[in-house]
Each structure stands twice: as C-alpha cells, then as structure tokens.
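Numbers here simply count residues along the sequence, with the first being 1.
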Amino acid sequence: MKDWDVISTDTLEQAVSDGILVRVGRCLSRKTEIPVVFTSNLFDSGGYEDATKRISLVCLVLESLKKPDAADDGYRKLRVLIPDKIWVIEDGSSITFMRPEDY
C-alpha cells in the first residue's frame, strides 16, 4: 500500500461543530470513557433521531466489539454491521457509526 500525505485533519470536536458528526453519548471502552458518534449522513438518513432505535443499535455494536475479530489490529476495530449500510470503527478515541461511503 502506498503512503499518502495527509493534507488536513479535524478533531472530533471540529467535526461535531461542522455538522459532520453527531454526538449521541459516551461509553466505557478499553477502561476509558469515550464518545459515541454517528456521521450526520447515517444519523439523518437512517432515522437515528429516534432514541430507542439508536440505543438498540449501539447496544448491538457494543456486544460485537467485545468479541475478538481477526482484523482487529490492536489500535482499532472495524465492524461491518450491515454490509453496504452500516460500519462501526472503535479506535480508542471514539466509537463512530457510519455508512461505508462516509469512511
């Protein structure tokens, strides 16, 4: 894989402020409390304004993240919850729910 030059990065707070991410809560991961966020694309188009629907999805993912996966690299965990629809990345700084095109 070719190395790429990073031309720009945003902090989590900048992405929330810019409306790219939606903060939905916090959870305990790797013995640290971290934010749970959705991309605005998934949040708005998936109907996750509905707290019951959102909490159900978050609980499902938290259970999935507890189980080891061969692709986990010690830095981040990627879970494809629904192929072509919902991905989740936990990287120690946040748990981010997204559509594949948001990656």
### Task
Determine, step by step, whether Tyr48 and Leu57 satisfy the side-chain contact (heavy atoms from CB on, under 4.5 Å) criterion, reporting the C-alpha distance in whole Å, the side-chain angles of both residues, the deciding distance to 0.1 Å, and the verdict.
CA-CA 9 Å; Tyr48 292 104; Leu57 180 65; 3.6 Å; yes
#### Entry: Cluster overlap Met98 with Leu60, hydrophobic side-chain contacts below 4.5 Å
no
### Message
Please check if the number of heavy atoms outside Asp73 that lie under 6.0 Å from its CG is greater than 12.
### Response
yes
### Message
When you compare the side chain of Leu78 with that of Trp87, does any pair of heavy atoms fall below 4.5 Å?
### Response
yes
### Ion pair Asp72/Arg79, N-O distance below 4.0 Å
yes
### Query
Does Asp91 reach the main-chain N or O of Ser94 with its side chain, forming a donor-acceptor pair under 3.5 Å?
yes
### Task
Could you walk me through whether Phe38 and Val58 pass side-chain contact (heavy atoms from CB on, under 4.5 Å), step by step?
CA-CA 10 Å; Phe38 279 55; Val58 170; 4.1 Å; yes
#### Entry: Atom of Arg23, atom of Val37 and distance for their closest heavy-atom approach
CA-CG1, 3.9 Å
### Sub-4.5 Å side-chain heavy-atom contact between Phe43 and Arg54
yes
#### Entry: Hydrophobic cluster membership, Leu65 vs Phe97, 4.5 Å side-chain cutoff
yes
### Query
Under the side chain to side chain donor-acceptor pair (under 3.5 Å) criterion, do Asn41 and Thr39 qualify, and how do the steps go?
CA-CA 5 Å; Asn41 182 29; Thr39 60; 5.2 Å; no
### Query
Would you say the side-chain atoms of Gln14 pair up with the backbone N or O of Thr11, donor to acceptor, closer than 3.5 Å?
yes
### Query
How close do Pro100 and Ile86 get, heavy atom to heavy atom, and via which atoms?
CD-N, 4.3 Å
### Task
Before giving the answer on side-chain contact (heavy atoms from CB on, under 4.5 Å), spell out for Ile34 and Ile95 the whole-Å C-alpha distance, their side-chain angles and the decisive distance to 0.1 Å.
CA-CA 7 Å; Ile34 63 172; Ile95 298 174; 3.7 Å; yes
### Query
Can Leu12 be reached from Ile89 by stepping across I, L, V, M, F, W or Y side chains whose heavy atoms are under 4.5 Å apart?
no
### Query
So, the side chain of Lys53 versus the backbone of Gly46: is there a donor-acceptor pair under 3.5 Å, distance only?
yes
### Task
Given side-chain contact (heavy atoms from CB on, under 4.5 Å), test Thr96 with Glu90 step by step and report yes or no.
CA-CA 6 Å; Thr96 305; Glu90 188 269 321; over 6 Å; no
#### Entry: Joint cluster assignment, Leu42 & Ile82, ILVMFWY side-chain distance < 4.5 Å
yes
### Query
Hey, is NZ on Lys85 packed in by over 12 heavy atoms from elsewhere, all under 6.0 Å?
no
### Query
So, for Arg26 and Pro35, which heavy atoms are closest and what is the spacing to 0.1 Å?
NH1-CG, 3.6 Å
#### Entry: Atom of Leu62, atom of Cys27 and distance for their closest heavy-atom approach
CD2-SG, 3.8 Å
### Straight-line distance of Lys66 NZ to Lys77 NZ, nearest 0.5 Å
10.5 Å
### Query
Between Asp10 and Ile20, is any pair of side-chain heavy atoms under 4.5 Å apart?
yes
### Message
Donor-acceptor check, side chain of Asp102 to backbone of Arg99, threshold 3.5 angstrom: yes or no?
### Response
yes
